Amino acid sequence: MSKITIFRQACKGVEDCGICIFVCPKQVLIGSDEMNEVGYLPPQVKDESLCTGCQNCMISCPDFSIVVEKDASKPAAERGEEDG
Amino acid sequence: MSKITIFRQACKGVEDCGICIFVCPKQVLIGSDEMNEVGYLPPQVKDESLCTGCQNCMISCPDFSIVVEKDASKPAAERGEEDG
Amino acid sequence: MTRTELTIAGVGGQGSILAGTVLGSAAVTYDGKYAVQTQAYSSELRGGYAATWVVVSDEPVVFPRVTRPDILMAQAQDSINRFSHTLKPDGILIVDSDMVPTPPDNIGHIFRIPATSIARNRLKAPVTANIIMLGALCRVRRVVSREALEKAIVDAVSKEQEQLNLDAFNLGFEAVREPMD
Amino acid sequence: MTRTELTIAGVGGQGSILAGTVLGSAAVTYDGKYAVQTQAYSSELRGGYAATWVVVSDEPVVFPRVTRPDILMAQAQDSINRFSHTLKPDGILIVDSDMVPTPPDNIGHIFRIPATSIARNRLKAPVTANIIMLGALCRVRRVVSREALEKAIVDAVSKEQEQLNLDAFNLGFEAVREPMD
Amino acid sequence: MSVSAHPFRRYMRNHVTRTTTCPGCGNGIITQAILRAIDELGLDMDDFIFVSGIGCSAWIPSPLFAADTLHTTHGRPIAFATGIKLCLPEKNILVASGDGDLAAIGGNHLIHAARRNIDMTVVLVNNGIYGMTGGQTAPTTPRGLTTITSPHGTLEHTFDICAMVAAAGASYVTRWTTYHPRQMTRSIKKAIVKKGFALVEAISQCPVQFGRAAKLGKAVDMLKHFKENSIRIDKARNLDEEALKGKIVVGEFVDIEKAELASEWARLKQEVMEV
Amino acid sequence: MSVSAHPFRRYMRNHVTRTTTCPGCGNGIITQAILRAIDELGLDMDDFIFVSGIGCSAWIPSPLFAADTLHTTHGRPIAFATGIKLCLPEKNILVASGDGDLAAIGGNHLIHAARRNIDMTVVLVNNGIYGMTGGQTAPTTPRGLTTITSPHGTLEHTFDICAMVAAAGASYVTRWTTYHPRQMTRSIKKAIVKKGFALVEAISQCPVQFGRAAKLGKAVDMLKHFKENSIRIDKARNLDEEALKGKIVVGEFVDIEKAELASEWARLKQEVMEV
Amino acid sequence: MGRGKKIMTGTHFMMGNLACAEGAIAAGCEFVSGYPITPASEVVNRLAKRLPEVGGIFLQTEDEIAAICSAIGASWAGQKALTATSGPGISLMQENIGFAVATETPLVIVDVQRLGPSTGAPSVGLAGDMVQVARGSHGDYQIVALCPESPQEMFDLTVRAFHLAEKYRVPVFLLADAFVGHMREQVIIPEEKQLEIESRKIPKGGNDPMDRQDFLSVDVAPMPVFGRGFKAHVTSSCHDEHGMRNLSDPEVMHRYISRPIDKILNHRDDIIQVEADYSGASIVLVSYGTVGRSARAAAHLAQAQGLRTGNVRLITCWPFPDREIRQVAESVDFIVVLENNRGQLYPYIKAEAAHACRIELLGPETLGQIHDPEYILARIREMIK
Amino acid sequence: MGRGKKIMTGTHFMMGNLACAEGAIAAGCEFVSGYPITPASEVVNRLAKRLPEVGGIFLQTEDEIAAICSAIGASWAGQKALTATSGPGISLMQENIGFAVATETPLVIVDVQRLGPSTGAPSVGLAGDMVQVARGSHGDYQIVALCPESPQEMFDLTVRAFHLAEKYRVPVFLLADAFVGHMREQVIIPEEKQLEIESRKIPKGGNDPMDRQDFLSVDVAPMPVFGRGFKAHVTSSCHDEHGMRNLSDPEVMHRYISRPIDKILNHRDDIIQVEADYSGASIVLVSYGTVGRSARAAAHLAQAQGLRTGNVRLITCWPFPDREIRQVAESVDFIVVLENNRGQLYPYIKAEAAHACRIELLGPETLGQIHDPEYILARIREMIK
Ligand SMILES: Cc1ncc(C[n+]2csc(CCOP(=O)(O)OP(=O)(O)O)c2C)c(N)n1
Ligand SMILES: Cc1ncc(C[n+]2csc(CCOP(=O)(O)OP(=O)(O)O)c2C)c(N)n1
Ligand code: SF4
Ligand code: SF4
Ligand code: SF4
Ligand code: SF4
């Protein structure tokens, strides 16, 4: 299983940003109600087991707030890395 | 017959310019030895009767020093106006 | 002396400067007073600091700067760090308690308003925190009249946002338990 | 006094300024004198006016401007209009008589050199008129030595143009019938 | 065991703890694409000099990147970068700045650097508006769009920056949107490696100034717009003007080899000094 | 009975008795082409405002033309002309200036005016060099050519100005040499009539600075060169890069209709004021 | 006239930059070109909206150079024209400020100063361009610069800037700063008839400039605007009275430089405005712009404490009010010059005062702020100890 | 080293502009960017030829803005850099002159002044940019400017300009004019070891600017040039000692403005050179540049006629030699300031002199010329009548 780490203090919130949620092909991430220090609402992981390790959220997060460690056992194609 | 008028004082000389001589398809114009006020050597008409009235010299003279009055009796094609 | 000096500060995007404008405009346009508003902000549009200063007076204002505010309205922790030391000894501090969890404890009068949560939870409009704070200010100390402020708010926002902002003002007004005057 | 002031003028393209440079360079490099050369020209590259001023002296030159030249070398009618009134009362005027058909008659010493015709007819190189004039100047008044001038000419032109210009200098030198000194 | 920090933190200055952009701004995506390109190429931050102008996008490398970073005046980063490259020909020069910076006030340096084909990578962030100064029209603002300085709709036409830079002589020209971070990364890698002038036009969302103006909504709405309206250059070539209206043509437009200025200087110096 | 003066003398200021160019300079040919175009269109000099920058070519209209003539700073004539056109939309604005003026220092205004598609005619005199200042490299100097500032040969590539201005958005783009005065005249006429930004690139000889530098000899040698190396765009389209090396492609490159800025403003003012 | 109200008569709580924009509209300005920059953007933002409503045009240019060039073009096309920027833009405009001066073009340039040098701190006001606006272009020349202390003066002096620009065919600067530009305060906009509005004179006729004197008159030559058959020749190359380029006659060069300068200096009494209040004072505070408000407050404080302190505020900073300063110097003991920069006008003031009285420069506690009146008073007490 | 001789030791009859170019090469300059302009073109023309011979690079840019920007870039890349232009180019460079000052970049800028304003008369020398070079960019700052009077000084002061630029991390202007730039005279180029050549200090090491002080030291901070792992952060936004942008702390703003100014002013004694010869004089002529030669000739004439006349020539014009002027003023009766413009430095000189002696400005007979010594003498006689 891939591992998702969210750096809550770096995040600028799903209200105005939320890009991670948008680019996730599996709806792994959802919003939350808990503010960080600067008053933003970072995302939370709904179900890590759904994560394919595509790293879309990581690569698209403008604030370097998410790291996804891939499940090295799966081939890239299966991870579904998008290449639109 | 077309009529060629050379304004000698405006001319900058066939030594460094001489464009009129170059563009004339019939070698109507040649150089001369007689300086104008500013020390340039304007061209002179060798044989006006050869002039087709194409006005190449007039149109290409950078110093507005030549006027060719076309022989209105001849059609343009015959005058050989160049249209490279 | 009729001169009241206010500092309203936050980070970019919180609307601190707009709050100051509404205040000054209310004073001049509807309360027949004099007011000068000045401002400062860093170049980041969001997240940088933003501050505005308002002088309200019954006479024309000569010196336009706020040096020792009577009131500091702080919308972020950063604002406290920057400005709380400038407050007059008996000055009033009004904080958005969501953004300033630990205000300094050496201040005479301090009001904690959870403006961001109110805005977010009750109004579903986090951007109205500034107007909530303004409502609180109005209750804490009547620098300008409530009526004037309400009119100035209506002037400042679009028709569709009118009611939302008046509601915000009201919520802020009511969030203050023990006003000063 | 050892200070000699010269004005060399013409229209753009005639090489007046180069003539001045050769003169100054000859004085400094080969005659062990001091010289300052200054210049003026209009923005037209050809046909506008061009003038250069040279001060030659046995001592370092403090004031570098030529205000009342001892010698005016004029390569065009325009130069006469501009500068002949500045000439010292007993000054010398050297003209290219092809370009200045009617020099003023109130000048003490005047030398007419058909430099343009000589250049064109004898050398087939109209651009050498300036060096012809310099040859004439050298004969008229030995401001710098003939040897120095010849060396400076060689320095100033390309290898291929060397002999042509030395010939031009010589023709100018010989075109003067009655030198002054 | 979870990671304690983002892996690219090592490319950032320690004391810079937070980006300066608004929530959802595309600049961060581009920032990451740049760092990922460097990372994947296995290069060191000290192999680079980063140069930027003035604007939100100009803050991409400055002060964030732990490297030599030159934050210049508005519109001039390419001119500064030109001097740097000629004196440090062995370094990679990467310019990151906004469309206003590089194509409005800085347009002349852009085309002349392309003409000279001087080796540098220019990441031009095209968010269609002036972000930092509060939402004024840019030469990239879509015609008809209402901005703070065109309250009745922009009357002017829009630059096709890639086409112009290509016509000016660049060696490598490409365009992607922030919806294409992987492709953008790949193109930045090619741009860095390319010996010559390389332009990466990065279409980006400015939800604060542009989103508001174009009523395109928030960051994700704009990304959705990019997703739906992007079309690859190979497909676009077969479509007529009408069909391309409102589309964002993405892909590689130019990828050629030609004499590069800094190398030419090296050669010339060699030649002249050896004579 | 012979004429007592050149017929175009009537378009010139009385007190200006002589052009300021060097013998054989191409600028005079272009000057005449402009006047002939106006003459053949039957327009009056008072229908025009002539604007130029700084350089030999910038002296084409100034002070020669008996009309409103604005002789501006180096590189800026198009920027001045833009203000004039917007305020006097019914007038024809004609800019005549050099390649250094319009494409080196003034490059940014050139591309932005093309982008805006503001109605004006720009006659850009491309003599491949800086004439007035004494023969320095221009962005149009052929690569490899020795000039006073590239004594070891120009290392930089050359602008294709027409291609760039076309990419920037102009309505009408054409190129002719001084060996093509009739075609040039015809194109200037079309450019004047065109509602939009129109560029006429006029390749011209500077026998004094360029002729010397390129060892192309005197004026007639350069005209001969133009004659022998010009190739029409319709023929050029079928040739590859190799075959086009050293050729001057002439003809009309762009001739389209699109919204023009001054008219758009007229429309907008109408709309806003009538509400 | 369109639906837009030209003059927003009434009382407003208005930002200085908007008051400036309204002043321009009120003065009849119909062409504005500009490029966004903090802290001047609000001026152009507002004008972009307002101009089409009153039949005018706003052009956002590719840069500040194009902004001033197109504004000058518009002025020659017969319009009242304005451009607005801040220091970096003024720096870029320098070459063509010189063009406007040399061609005697009426033009209003708004400089909302920010803390510099260079990019500095864009939203912080500091009067750092005081000499730049007068000497920042190459060569010798004279412009006019007015210094507002309040949003009200942002309006009033913008109207006056147009008045002077048109009357004297000269670029006039409104030399504000971020502090007053972003300041909001009461602004009273009067009715149209109360405004002093002037338009340039144009020649009576004649279609040959050789028959006219279009330039270099110390009495201000009528301006042969384009499009009316004047066949004007306009160049910033050295030119004669007819506008014709002349690069060889030293006398023409002399006139080319001197006449446009003397044109302004000869009318200095009409142009220069100084707010002076120092009768009976032995100490005078000299200041300009927003610092003037600190000075006034400090003078009140000082008087209250028995120090005979007066106040002089330069509303017109260029042409420099030399006589006015001389007059002050000759009637008091001590001049304290208050500037919130490192003393940019100080040498100019000192040059006119040092012969007659003691003079010192006093900067603010922190550069970029206006002086605290208490601080001024404390420092003066030290100085006179 | 290549085939090119770096130092053309020997005696030459050389044009001032070429002497300047040779001075640059002699000082070790290896990067020059420029754009042609009369009357400065010969400087870059020569350098375009000479630089490749000595392993340097010449870049002809698209405009003067690119010229100064690329020169600043080259300086940060570790090279000694120069750009040369005339007034119109200086005007265009103003914004980035400010950048160089704010980032403390060593740079030599040659300004061969021409008659202005604006396009003016390109080949005529007039010292019209005297204040422009010091105050032409926005904000508050301090540069260094040197004024040559002869081709010899075109060489010597160019070498010195590099020396000062590198030593103090500051842009240094060589403030020549068309007259001296195009003047040919004897120029003696010494041997290399006789030249005073200095290169900037660079930091001892450390790859985090937060551990270093790269900026804002009044003692001149070592310069963390690019490409050596210093990870320098360079910005002309308001910044702290580490170079880090700071747009909110007023104290940082204060230091950002003041420190680079004080860095120069604190070393003014090392920087300022004044040629003074007035012992026993009661009248002193103060001048600079080529006018200095008129002044010297006039002083000789006056002395010959029994007038006790001295001479002071400002070789360094900026930082302004205030103390030196004060000293003159306090020891003579009458200062006559000779400038061939409308009196650009006059206010600065008067400010330091008016308290102590009489002072007058004397322009030339015709602007654009240097004064005729006879004319100076005649006018002085009138003045003291
Ligand atoms: C000479 C100059 N003019 C104007 C400005 C003001 N300014 C700062 S950023 C900017 C434009 C920013 O737009 P863009 O480059 O597109 O970047 P963005 O903020 O959108 O990323 C402007 C005009 C300036 N700093 N300097
Ligand atoms: C700001 C500025 N920079 C430089 C110059 C000097 N200058 C005058 S004309 C010119 C270039 C002329 O070249 P081009 O425009 O090609 O015209 P040409 O003379 O070749 O016709 C230059 C650089 C100037 N006048 N102003
Ligand atoms: S993309 Fe990043 S910054 Fe945006 S909401 Fe998700 S975690 Fe936060
Ligand atoms: S083309 Fe004209 S200027 Fe040239 S030689 Fe012939 S007549 Fe004279
Ligand atoms: S204003 Fe726009 S471009 Fe600038 S940081 Fe905010 S979202 Fe990004
Ligand atoms: S220098 Fe060249 S472009 Fe200029 S007038 Fe002479 S020939 Fe023509």
Side-chain angles (χ1 to χ4, degrees), chain G residues 65 86-88 90-92 94-99 101-103 113-124 126 128-129 131-132 135-141 235-238 247 250-251 253-254 256-258 261 320 341-342 344 346-348 350-355 366-369, chain H residues 65 86-88 90-92 94-99 101-103 113-124 126 128-129 131-132 135-141 235-238 247 250-251 253-254 256-258 261 320 341-342 344 346-348 350-355 366-369:
Chain G
I65 297 177
S86 184
I90 297 288
S91 292
L92 285 170
Q94 286 301 348
E95 189 195 12
N96 290 290
I97 289 170
F99 183 90
V101 175
T103 54
Q113 298 167 93
R114 60 191 234 181
L115 185 147
S118 200
T119 304
S123 64
V124 179
L126 181 144
D129 312 348
V131 178
Q132 184 198 27
R135 296 279 177 270
S137 195
H138 58 284
D140 249 321
Y141 63 99
T235 179
S236 73
S237 287
C238 180
L247 299 177
E251 293 302 324
M253 292 179 201
H254 187 88
Y256 166 76
I257 301 171
S258 290
I261 295 175
F320 183 73
N341 48 46
R342 289 274 300 218
Q344 296 202 342
Y346 182 58
Y348 294 86
K350 189 174 176 187
E352 302 304 328
H355 69 288
T366 314
L367 291 170
Q369 308 285 335
Chain H
I65 296 176
S86 183
I90 297 288
S91 292
L92 285 170
Q94 286 302 349
E95 188 195 12
N96 290 290
I97 290 169
F99 183 89
V101 175
T103 53
Q113 298 167 93
R114 60 192 237 181
L115 185 148
S118 200
T119 304
S123 64
V124 179
L126 181 144
D129 312 348
V131 178
Q132 183 198 27
R135 296 279 176 270
S137 195
H138 58 284
D140 249 320
Y141 64 98
T235 179
S236 74
S237 286
C238 180
L247 298 177
E251 292 303 322
M253 293 179 200
H254 187 88
Y256 166 78
I257 301 171
S258 289
I261 296 176
F320 183 73
N341 48 46
R342 289 275 300 218
Q344 296 202 340
Y346 182 58
Y348 293 86
K350 190 175 175 187
E352 301 305 328
H355 69 289
T366 315
L367 291 170
Q369 308 285 337

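The structure presented is a predicted model; accordingly, all values stated were derived computationally and were not measured. Below, chain A is the first sequence line, B the second, and so on; all start at residue 1.
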I need the residue from H:Ser86, H:Ala354, H:Gly368 with the largest number of non-hydrogen atom pairs under 4.5 Å to chain G.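 Between H:Ser86, H:Ala354, H:Gly368, the count favours H:Ala354.
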Only pairs of heavy atoms separated by less than 4.5 Å count here; which of H:Ile261, H:Val124, H:Val101 has the most with chain G?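 Heavy-atom pair counts peak at H:Ile261.
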Toward chain G, the part of H:Ile97 with a non-hydrogen atom under 4.5 Å: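 H:Ile97 has no heavy atom closer than 4.5 Å to chain G.
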Please state whether the side chain, the backbone, both or neither of H:Leu115 comes within less than 4.5 Å of a heavy atom of chain G.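 Just the side chain, heavy atoms under 4.5 Å.
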Taking ring-ring contact (aromatic ring centres under 6.0 Å, His included) as the test, write out the residues that go with H:Phe99, two or more places apart.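 With sequence neighbours excluded, H:Phe99 shows a ring-ring contact (aromatic ring centres under 6.0 Å, His included) to E:Phe80, given in chain and number order.
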So, for [X] and [Y], which heavy atoms are closest and what is the spacing to 0.1 Å?
{"X": "H:Gly136", "Y": "G:Ser91", "answer": "O-OG, 4.2 Å"}
{"X": "H:Lys350", "Y": "G:Ala351", "answer": "CE-O, 3.3 Å"}
{"X": "G:Thr119", "Y": "H:Ser237", "answer": "CG2-OG, 3.4 Å"}
{"X": "H:Leu247", "Y": "G:Gly120", "answer": "CD2-O, 3.4 Å"}
{"X": "H:Ser118", "Y": "G:Ser236", "answer": "OG-OG, 2.6 Å"}

Tell me, do [X] and [Y] make a side-chain contact under 4.5 Å, heavy atoms counted?
{"X": "G:Asn341", "Y": "H:Ile257", "value": "no"}
{"X": "G:Gln132", "Y": "H:His138", "value": "yes"}
{"X": "G:Asp140", "Y": "H:Gln344", "value": "yes"}
{"X": "G:Ile65", "Y": "H:Ile65", "value": "yes"}
{"X": "H:Met253", "Y": "G:Thr366", "value": "no"}
{"X": "H:Pro347", "Y": "G:Pro347", "value": "no"}

Specify which of [options] makes the most heavy-atom pairs with chain H at under 4.5 Å.
{"options": "G:Pro88, G:Pro250, G:Gly87", "value": "G:Pro88"}
{"options": "G:Arg135, G:Glu251, G:Gln369", "value": "G:Arg135"}
{"options": "G:His355, G:Glu352, G:His254", "value": "G:His254"}

Quick check against the 3.5 Å criterion: does G:Tyr256 have a side-chain atom that pairs as donor or acceptor with the backbone of H:Pro117?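 Indeed, once roles are kept as given, a pair shorter than 3.5 Å links the two residues.
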With no hydrogens and no angle check, is any side-chain donor or acceptor of H:Asp129 less than 3.5 Å from a backbone partner on G:Gly139?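 Yes, the answer is positive, given that a donor and an acceptor are paired below the 3.5 Å cut-off.
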Checking G:Leu367 against H:Ser258 for the side chain to side chain contact (heavy atoms under 4.5 Å, CB included) test, could you report, in this order, the C-alpha distance in whole Å, the side-chain angles of both residues, the deciding distance, and whether it holds? CA-CA 8 Å; G:Leu367 291 170; H:Ser258 289; 3.2 Å; yes
Apply side chain to side chain contact (heavy atoms under 4.5 Å, CB included) to G:Leu92 and H:Leu92, showing your working. CA-CA 6 Å; G:Leu92 285 170; H:Leu92 285 170; 5.9 Å; no
